Protein chains: 2
Amino acid sequence: MEPKQPDGSRGRNTGARRRSRLSQAVIVAAAQHIISTGGDGSLSMRQLARELSITPMALYHHVRDKDELLMLLLETKAQNVSRPPLPADPRERLVTSSQLLYDMLADCPFLGEILSSEDLMTASNLWIIEAVLDAAVDCGFAPDEAVGIYRVIWHYTSGELMIRLTRERRLAELDQPPYRERVFADIEPRTYPRLHALADRWTDLTARQTHRKGLEALVAGFLRGAGTAPWPPGHADGHIAG
Amino acid sequence: MEPKQPDGSRGRNTGARRRSRLSQAVIVAAAQHIISTGGDGSLSMRQLARELSITPMALYHHVRDKDELLMLLLETKAQNVSRPPLPADPRERLVTSSQLLYDMLADCPFLGEILSSEDLMTASNLWIIEAVLDAAVDCGFAPDEAVGIYRVIWHYTSGELMIRLTRERRLAELDQPPYRERVFADIEPRTYPRLHALADRWTDLTARQTHRKGLEALVAGFLRGAGTAPWPPGHADGHIAG
DNA sequence: ACCTGAACACCGTTCAAGT
DNA sequence: ACCTGAACACCGTTCAAGT
């Protein structure tokens, strides 16, 4: 009985050829490698094929189209996200669970083209959306209202992420170094040592805080009954209605 | 003294040749024609050149790049938007002026690539952004806070528009007819005559209402002091700071 | 100054053929 | 079943040349 290779193939004639069989797992791994090393999160099928030394069309035998590949990347990311305990207070839970969605997607610079979907649902992140809806219901909102609130939160979150992603890509293609270098261009590193160490996370951190302020305002406003008019019909269309 | 043509040329040898000199105005008009007739708002430089029977590169003599062309289209749109009276009450004014921004951009299906900019400022729409900031200041917020609130409103608005635009483009490229046909596919037109007449505006109307609910919640939440922590530094960077 | 022609450096995807 | 080669139908933009 021969030992199997990690990819499940026999490995007899593979030797140094490294001719690992193509699979979704291999494709996803290569995509992640490009994203992590290439700088900005933009990704093309042809670039990915080059990385794998195959024809672009070989990819389409394991993946329906580019959107499916991106969703696959999101799914693997979602699988590796730990599931923290949520606050008991419904109101805090609504804010915190919404921010969880934000945090997860903020770490997915490849989303680009699909970030403007009506929802971004994959098997392993459904629990977050469920948590948002559940918190809204526990706040006293009817199911339809909860869906409406989720939609508003999603539009807000998606817009923030999209704008940030676009800015970073624009900067990347101008060959500008990331924020760190620009923000602290004329500042001595030793002047603010802690700041300097955190600089490459700075924009993300402030963006996160600003986003949270918006979330808190939204939740506070909805709880206060702002917009007492009923939700317009049709807002709850789609997969999560009911 | 010969009479001048509208485009400023002499018009002597133009005759039936219709060889109108290329200019920003001509380019913008052609772009608007494509958008209004072509269905979805997507627009390419090559397509535009084809419409004008010129080389794609001729465009670049009157316009720096595609982004500038899109901003030009937004500017002409903004020029033709009437400036309604705003409510005296600061809180209502904050909601209404934000919705004005939404309404204007919702009627610009060509924005696509630049909708994820940090701001979408052109000479003729600055008064709207000014009105939002002014209303926020009149609500009692410090200038920095007003900018932060504008940012949140912009992220929310931009996200909503982007998602809607993407959905409509996806439907358009599937050759699906606009919402009207689909929503009312199995319903007798005479059953709901008024609804049927408004059907092609329905999705926009409900989207508008939903967006307004979000705006009202945001404003109510901010006025209630939600997110009492100070705005993180850096949120007021950019053109409108100060 | 204004425009053309040809090219560069890309895209996502289809289709027929190979093994 | 899995992959290749060539092609289709596009992009935005640069560059050198024409008038």
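Naming convention: chains lettered A, B, ... in sequence-line order (proteins, then strands); numbering from 1 in each chain. The structure presented is a predicted model; accordingly, all values stated were derived computationally and were not measured.
Of all the residues in residues 55-68 of chain A, A:T55, A:M57, A:A58, A:H61, A:H62 reach under 4.0 Å from DNA chain D with at least one non-hydrogen atom.
Rounded to an integer number of Å, the gap from B:M45 CE to D:dC10 C1' is 15 Å. The CZ atom of B:R170 sits 14 Å away from the C1' atom of C:dG12 (whole-angstrom rounding). Computed from coordinates, the B:L22 CG to C:dT4 C1' distance equals 13 Å when rounded to whole Å. In this structure, A:L48 atom CG and C:dG12 atom P are separated by 10 Å, rounded to whole Å. Atom CG of A:L69 and atom P of C:dG12 are 10 Å apart (whole Å). The distance from atom CG of A:L52 to atom P of D:dT4 is 10 Å, rounded to the nearest whole Å. Distance CG (B:L43) to C1' (D:dC10): 14 Å, rounded to an integer number of Å. At whole-Å resolution of the value, CZ in A:R46 and P in D:dT4 are 14 Å apart.
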task = Applying side-chain contact (heavy atoms from CB on, under 4.5 Å), run through A:I149 and A:L218 and close with a yes or a no.
result = CA-CA 9 Å; A:I149 289 170; A:L218 271 174; over 6 Å; no
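A:W154 CH2 to A:S98 OG: the interatomic distance, rounded to the nearest 0.5 Å, is 11.5 Å. Distance check, rounded to the nearest 0.5 Å: CZ of B:F110 to CG of B:L72 gives 10.0 Å. One finds the CD atom of A:Q47 at 4.5 Å from the CD1 atom of A:I34 (value rounded to the nearest 0.5 Å). Residue B:L43 holds its CG atom at 6.0 Å from CG of B:L69, rounded to the nearest 0.5 Å.
Rounded to whole Å, the separation between the P atoms of C:dA9 and D:dC10 comes to 23 Å.
When the options A:R208, A:R212, A:E160 are evaluated for a side chain to side chain donor-acceptor pair (under 3.5 Å) with A:Y102, the one that passes is A:E160.
With both pairing distances under 3.5 Å, C:dG12 is matched to D:dC8 as a Watson-Crick or G-U wobble pair. In this structure, C:dA17 forms no base pair with any nucleotide, since neither Watson-Crick nor G-U wobble geometry is met with both distances under 3.5 Å.
Annotation: salt bridge (charged side-chain N to carboxylate O under 4.0 Å, His left out) contacts involving residues 48-64 of chain A, sequence neighbours excluded, comprise A:R64-A:E68.
Considering only side-chain N and O atoms, B:R50 lies nowhere under 4.0 angstrom from the phosphate OP1 or OP2 of D:dC10.
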